Amino acid sequence: MFIMKKYVRGIPAWISLFFVFSVLFWSCSERDPDSRLAVENGVPVVDRYGQLQVNGTCLCDSAGNPVQLRGMSSHGLQWHGKYANEKVLRWLRDDWNVQVWRSALYLTQGGYISHRALKFKVVESIEAAEKLGMYVIVDWHVLRDRDPRVYQDEAVEFFSEIAGKYGHLPNVIYEICNEPNGTDVTWNECIKPYAEVVTAAIREKDPDNIIIVGTPTWSQDVDKAAENPLSGSNIMYALHFYAGSHGKALQDKAVAAMEAGLPLFVTEWGTTRDTGDGGVFEKETVRWLSFLKKHNISWVNWSVNNKGEDSGILKAYADKTGEGGWTESDLSPSGILLRSILVNERKIK
Ligand code: IDC
């Protein structure tokens, strides 16, 4: 009552009370992260968040506010690299509200080791992301090769070059080994030693952009990394899941790792089984995304392709040339679900 008497003489009491309470409410409540847009009032996400940083287990913007990035991954650049271009990224940003793009550079299966020119699809992704104010994950897609040490020299050469040329851009995030796998490919003996060498090479050129390290068993054993994490700053760890194959047990593992202090980033997940096919698991997808929202974990969905597999967002043979401009009839069931989530038509609670 004191406030009203002193400051708002002449204004009806209920209006001034409403005003005071609104100000109090706004200053105390955190904004719903889903309302954060790829472009807000004409300003793209990288121009708002700037240089990302890791504080504790949290990914934060340059001012230290927690952020959750959401976006899409390319399929293998050797097969569907036609979508890694400015037109498609612009479409994903403006029509899909995508804040982060992942450029998946396979090493084997016709990937980078036998086709070095694929590097230019990564370069094209980075330069498009820079222009569009989006974040871009440079994914060294270890998969069939299992142990990241197999192509460690190539990784050092590749990441030093990319970090040297683009490390000054706040847009760039490095993912240095997609999915190490095999019981013989352990954290302590294979992945951590590899990560130490590659992160050192990146840090020579780029002191601060986020580096994400894959974890054992197709980036699921985050507990192993939590027992013996890397030293250094702005390092996160990959957690991957497919809604039709992985559930509560993997979420429990993630919670335990976070409680032990490990910062996680879901650089790849699918709505399907881990084969990339087998139908869309909508209920399980929503459950996983609520979990990620609750823990403020950023995510990237697999993937942009028109191969006809269920995890691909396009129908078979839609957009054959990589133009963007998709209508609903170009999208697969997974694509329709993903878009509705990304544009916040479908709210994740
Ligand atoms: C799959 C693609 C599929 C392709 C295969 C090749 O969806 O079209 O034939 O790779 O190896 C992963 C991998 C990712 C897989 C995906 C689905 O990171 O490369 O893509 N997956 O199987 N981990 C779990 C699932």
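What you see is a predicted model, and the numbers here were worked out from it, not measured in a lab. Counting convention: from 1, in listed order, for ligands and their atoms alike.
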Backbone, side chain, both or neither: what part of [X] comes under 4.0 angstrom of ligand 1, heavy atoms only?
X	value
N178	side chain
E268	side chain
W218	neither

Do E127 and Y166 pair up side chain to side chain, a donor and an acceptor below 3.5 Å, judged on atom types alone? yes
Taking all non-hydrogen atoms of both residues, which atom of S334 and which atom of T271 are closest, and how far apart? OG-OG1, 2.7 Å
Contact (N/O only, under 3.5 Å) between E179 and ligand 1: yes
Looking at [X], which atoms of ligand 1 are within less than 4.0 Å of one of its heavy atoms?
X	result
K307	3 (C), 4 (C), 8 (O), 9 (O)
Q109	6 (C), 11 (O)
T275	17 (C), 22 (O)
G276	17 (C), 22 (O)
E309	2 (C), 3 (C), 7 (O), 8 (O)
H141	13 (C), 14 (C), 18 (O), 19 (O)

For the pair W302 and W269, evaluate ring-ring contact (aromatic ring centres under 6.0 Å, His included) and give the outcome as yes or no after the intermediate values. CA-CA 6 Å; W302 184 264; W269 71 273; over 10 Å; no
So how far is it from F265 CZ to L292 CG, rounded to the nearest 0.5 Å? 10.5 Å
Does NZ or CZ of R116 come closer than 6.0 Å to the centre of the six-membered ring of Y112, within 45° of the ring's axis? yes
Candidates V46, V172, L69 - the one meeting side-chain contact (heavy atoms from CB on, under 4.5 Å) with L52: L69
Considering non-hydrogen atoms of the protein only, which is the closest contact for [atom], and what is the distance?
atom	result
atom 24 (C) of ligand 1	Y242 CE1, 3.2 Å
atom 2 (C) of ligand 1	H75 NE2, 3.4 Å
atom 22 (O) of ligand 1	D274 O, 2.8 Å
atom 1 (C) of ligand 1	Y106 OH, 3.7 Å

Is atom CD of E196 surrounded by more than 12 heavy atoms (other residues, nucleotides or ligands) closer than 6.0 Å? yes
Tell me if the CD atom of E323 is crowded by more than 12 foreign heavy atoms within 6.0 Å. yes
Enumerate the residue pairs fulfilling salt bridge (charged side-chain N to carboxylate O under 4.0 Å, His left out) with a member in residues 199-215, sequence neighbours excluded, ordered by first and then second residue. none
